[in-house]
Protein chains: 2
Amino acid sequence: MLKYQQTATEIEAYIEQHALQQGDKLPVLDQLIRQFEVSKTTMTKALELLERKGTIFQVRGSGIFVRKTNRKGYIELFSTQGFKQNLVEHDIQSKVLSFELIPCPEEIIENLGSTPEEMVYAIKRIRYINDNIMCLEESYYRQAIVPYLNREIVEQSIFEYLETALGLNIGFSDMYMHVGKLPDSIAQHLELKAGDPALTVETIFHLTNGRPFDYSVITYHYEHSQFVVQANGLYL
Amino acid sequence: MLKYQQTATEIEAYIEQHALQQGDKLPVLDQLIRQFEVSKTTMTKALELLERKGTIFQVRGSGIFVRKTNRKGYIELFSTQGFKQNLVEHDIQSKVLSFELIPCPEEIIENLGSTPEEMVYAIKRIRYINDNIMCLEESYYRQAIVPYLNREIVEQSIFEYLETALGLNIGFSDMYMHVGKLPDSIAQHLELKAGDPALTVETIFHLTNGRPFDYSVITYHYEHSQFVVQANGLYL
DNA sequence: TTGATAAATTGTACATGTACAATTATAATA
DNA sequence: TATTATAATTGTACATGTACAATTTATCAA
């Protein structure tokens, strides 16, 4: 683990231990540097990481303060950076509906930048959050990049397997979101009615080297999923 | 404008001028440093900015490459960083439904960290994108921070006014999203039917010093709004 | 008191330099 | 030719140091 990531984790622990709340002030930058025994660069990067993660905010001339979202029960859609301790407080389960190795379907080719001959793992599964149906996920993995998958892996966390067992470096992703009415085919899986509202998120995942390896379409159950996003930039 | 922001803008211009496409390689870091005559720190920060913005991706040992989303017609929900050139390619118009100065409503107090006595500007407006109804926006600005607003300003970009005329420094925001069925009252404004699907986004905007100044609830028209998010971290 | 002004505090921008890890290209070997 | 080992390329991590801008605190005048 990198030093600045490690430092960031330690600062989080510090916040936890001292039970700091929204708006509370952390020690001054110089003090943090001495306290955690790192250089200014490292501390700055650690703080920047925590700022993007939404844990703190920094005010020049004033100090470093804790930023906490108070609402509970929301899913972090884009951790935008950092670790993956998003959903740890939620209990996530999966039920595999289908799992097969097929030639890349026509409509997926463009998204994955693949060829019609190329084989892909096609997986359909329902994901549960705290024993409620959260979403239906249909995903396609290029076998050229993910040479092997099996049903057992797919029942657990696929990304976990890709990173640890296969040593793949997962990089960035493009997500496309829209809201619409559920078609009957999907509604059944979510135990909802056709015409009910749904959030659909298409995502193209890339390795750090830019190669797309996974295209997935997730349809969320509108009653069991709500999302929080901590943003830092500007907007509308 | 800061040097690294300026540099980032110049690199974007470079990409534009050379008509670089997805996956095309930029000059090597050292070359970029010489070419744009900045230090390594500055260039690194500029590139980091562009990476977060989704314009490029960097691969150690390999190079710096262009990253472009090819789908058109999507709204950038969270620019996650950077400038606010999101919606420039869209034509955004507003129609003000109501505009008043009132004591802070009960249900808003907690979100804005205000008191019941405090006065807030309450604004309701419909926003159009390319002449289609995009969303209904209800927003509340604390008068303690935004001392003056009028109907004319509200018909244009409020944030533009806050930044330039009032000199406020807009910082981070917390967004809460969920999907649901439209109540009749809102459906009418969006020219939809009660029960139709809708994406609702609540946002609490803060100044850079951490003080919340704006709480808004936006209900999007499901047929006229779709969103793209370029993420960099990890996920589900 | 109030209000302006100066000084101290504190985070950010930027430069320079070293070491290193991931990738790619090259050379050596079977 | 294919495979492996080596070297060159290229971005990232990290340290140190200077200058500065935004904020807060202290000081002084009215």
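First the proteins, then the strands, lettered A, B, ... as listed; each starts at 1.
For A:R34, the side-chain hydrogen bond (donor to acceptor under 3.5 Å, both in side chains) partners two or more places apart in sequence, or in a different chain, are A:Q31.
Among the atoms of the strands shown, base atoms are found under 4.0 Å from some heavy atom of A:T41. Contacts of B:L2 with the nucleic acid, taken as non-hydrogen atoms under 4.0 Å apart, involve only primed sugar atoms and P, OP1 or OP2. Residue A:L47 is out of contact with every strand shown, counting any heavy-atom pair closer than 4.0 Å. Contacts of B:K40 with the nucleic acid, taken as non-hydrogen atoms under 4.0 Å apart, include base atoms.
Where A:S39 and B:E51 each meet DNA chain D at their nearest nucleotide, the meeting point lying more 5' is that of B:E51. Comparing A:G61 and A:K45 along DNA chain D, the residue whose closest nucleotide (by nearest heavy atom) sits nearer the 5' end is A:K45. Between A:T208 and B:Y4, it is B:Y4 whose nearest contact on DNA chain C lies nearer the 5' terminus. Judged by closest nucleotide on DNA chain C, A:V59 is the one of B:V59 and A:V59 placed further toward the 5' end.
Distance CZ/B:F213 to CG/B:L207: 5.5 Å, rounded to 0.5 Å.
Between its opening and closing five pairs, the helix from C:dT1-D:dA30 to C:dA30-D:dT1 changes axis direction by 10°, a value rounded to 10 degrees.
Residues B:D24 and B:Q22 bring no donor and acceptor atom of their side chains to less than 3.5 Å of each other. Side chains of B:T41 and B:T44: a donor-acceptor N/O pair is absent below 3.5 angstrom, by distance only.
Heavy atoms only, all atoms of each residue included: B:I11 and B:L47 are closest at CD1-CD2, 4.0 Å.
Using a 4.0 Å cutoff to heavy atoms of chain A, the contacted part of DNA chain C runs 5' to 3' from C:dT9 to C:dA13.
The ring pair (Phe, Tyr, Trp, His ring centres under 6.0 Å) test with A:Y121 is passed by exactly one of A:Y215, A:Y141, A:F99: A:F99.
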**Prompt:** Going through the distances and angles, do B:V146 and B:I158 end up as a side-chain contact (heavy atoms from CB on, under 4.5 Å)?
**Reply:** CA-CA 11 Å; B:V146 183; B:I158 299 177; over 6 Å; no

**Request:** For the pair B:S39 and B:I33, evaluate side-chain contact (heavy atoms from CB on, under 4.5 Å) and give the outcome as yes or no after the intermediate values.
**Result:** CA-CA 6 Å; B:S39 77; B:I33 290 169; over 6 Å; no

**Asked** So A:I123 and A:L149, side-chain contact (heavy atoms from CB on, under 4.5 Å) or not? Walk me through it.
**Response** CA-CA 10 Å; A:I123 299 150; A:L149 272 181; 3.8 Å; yes

